[in-house]
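Naming: A, B, ... by sequence-line order, numbering from 1 per chain.
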There are 2 protein chains.
Amino acid sequence: MTIYVEILPKEGILDPKGRTVKNALHQLDFPMVSNVLVGKLIQLEIESENVDEAVRLAEQMADKLLHNSNVEQYRVVPVEGVSK
Amino acid sequence: MTIYVEILPKEGILDPKGRTVKNALHQLDFPMVSNVLVGKLIQLEIESENVDEAVRLAEQMADKLLHNSNVEQYRVVPVEGVSK
């Protein structure tokens with residue numbers, strides 16, 4: 001089972017990477033971009049047939065290792081098709 | 001409108017970060033994790049009321065700036081609720 005852990009900077013936390021990307025996009029003639037956050041996407045393959053169990057395990061992994069709760073928030077999402 | 005650009009290493013490309021995370025998860029007693037990929041999640045706020053237009057613009061941004069087509073693949077996803 002494929003699970004995404006989507007990690008982004010918490011609201012109110014300065015995101016210098018996001019600001020840099022936004023500025024670059026404006027210079028590339030994308031003025032319609034009003035905000036950018038840059039985070040991490042972690043794709044987990046979990047040996048489980050049960051979606052709820054896989055999500056619960058992924059949340060434990062996020063809490064114990066994958067995300068920094070001081071400055072990041074995360075969301076766990078089961079994936080149907082994997083990104084191409 | 002909020003759009004995610006989900007960027008992951010292409011299939012067949014060595015992902016040393018993913019391997020490191022997998023090993024760490026095994027040591028933390030998550031043996032059910034069989035593979036890990038570590039990529040980027042970019043959250044874009046695009047001033048547009050049209051989902052199709054926002055997705056098309058985000059694809060242009062991914063092609064021109066956000067992803068490295070040599071080693072990465074991406075997917076553009078409109079977001080309903082933003083990650084908490």
Side-chain angles (χ1 to χ4, degrees), chain A residues 1-11 15 17-18 20-50 53-54 56-67 72-77 79 81-84, chain B residues 1-11 15 17-18 20-50 53-54 56-67 72-77 79 81-84:
Chain A
M1 178 154 310
T2 304
I3 302 278
Y4 278 173
V5 181
E6 302 174 343
I7 301 171
L8 286 171
K10 272 187 183 168
E11 221 167 305
D15 178 20
K17 283 188 202 170
T20 302
V21 170
K22 184 176 83 166
N23 291 342
L25 288 171
H26 286 183
Q27 286 174 14
L28 287 171
D29 220 15
F30 294 108
M32 71 296 288
V33 177
S34 60
N35 198 36
V36 179
L37 292 179
V38 175
K40 273 177 281 185
L41 177 64
I42 299 177
Q43 178 181 305
L44 302 168
E45 285 297 331
I46 298 181
E47 301 299 326
S48 166
E49 297 305 314
N50 182 307
E53 186 201 15
R56 190 179 51 77
L57 285 165
E59 287 173 348
Q60 291 177 9
M61 295 176 209
D63 288 333
K64 289 192 182 169
L65 181 73
L66 303 176
H67 99 297
E72 294 171 332
Q73 58 193 347
Y74 73 87
R75 197 170 62 159
V76 169
V77 184
V79 180
V82 172
S83 105
K84 290 297 167 203
Chain B
M1 178 157 309
T2 304
I3 302 276
Y4 279 174
V5 181
E6 302 174 344
I7 301 172
L8 286 171
K10 271 187 183 169
E11 222 168 305
D15 179 19
K17 284 188 202 169
T20 301
V21 170
K22 184 176 83 167
N23 291 343
L25 288 172
H26 285 182
Q27 286 173 14
L28 287 171
D29 220 14
F30 294 107
M32 72 296 288
V33 177
S34 60
N35 198 35
V36 179
L37 292 178
V38 175
K40 272 177 283 188
L41 177 65
I42 299 177
Q43 178 181 304
L44 302 169
E45 284 297 332
I46 298 181
E47 301 300 328
S48 167
E49 297 305 314
N50 183 306
E53 187 201 15
R56 190 180 51 78
L57 286 165
E59 286 172 350
Q60 291 177 10
M61 296 177 208
D63 288 334
K64 289 194 181 167
L65 181 73
L66 303 175
H67 99 296
E72 293 171 333
Q73 59 193 347
Y74 74 87
R75 197 170 62 158
V76 169
V77 184
V79 179
V82 170
S83 104
K84 291 295 165 202

Top contributor to chain B interface from Val21(A), Leu25(A), Leu66(A) [non-hydrogen pairs under 4.5 Å]: Leu25(A)
Which of Leu65(A), Val5(A), Leu44(A) touches chain B most, by non-hydrogen pairs under 4.5 Å: Leu65(A)
Heavy-atom closest contact (Met1(A) atom, Ala54(A) atom, distance): SD-CB, 3.8 Å
Atom NZ of Lys17(B): over 12 foreign heavy atoms under 6.0 Å: no
Option among Val36(A), Leu37(A), Asn35(A) that satisfies the side-chain contact (heavy atoms from CB on, under 4.5 Å) test with Gln43(B): Leu37(A)
Chi angles and distances behind the side chain to side chain contact (heavy atoms under 4.5 Å, CB included) call for Tyr74(B), Glu59(B): CA-CA 9 Å; Tyr74(B) 74 87; Glu59(B) 286 172 350; 3.9 Å; yes
Toward chain B, the part of Ile3(A) with a non-hydrogen atom under 4.5 Å: neither
Part of Ser34(A) lying under 4.5 Å from any heavy atom of chain B: both
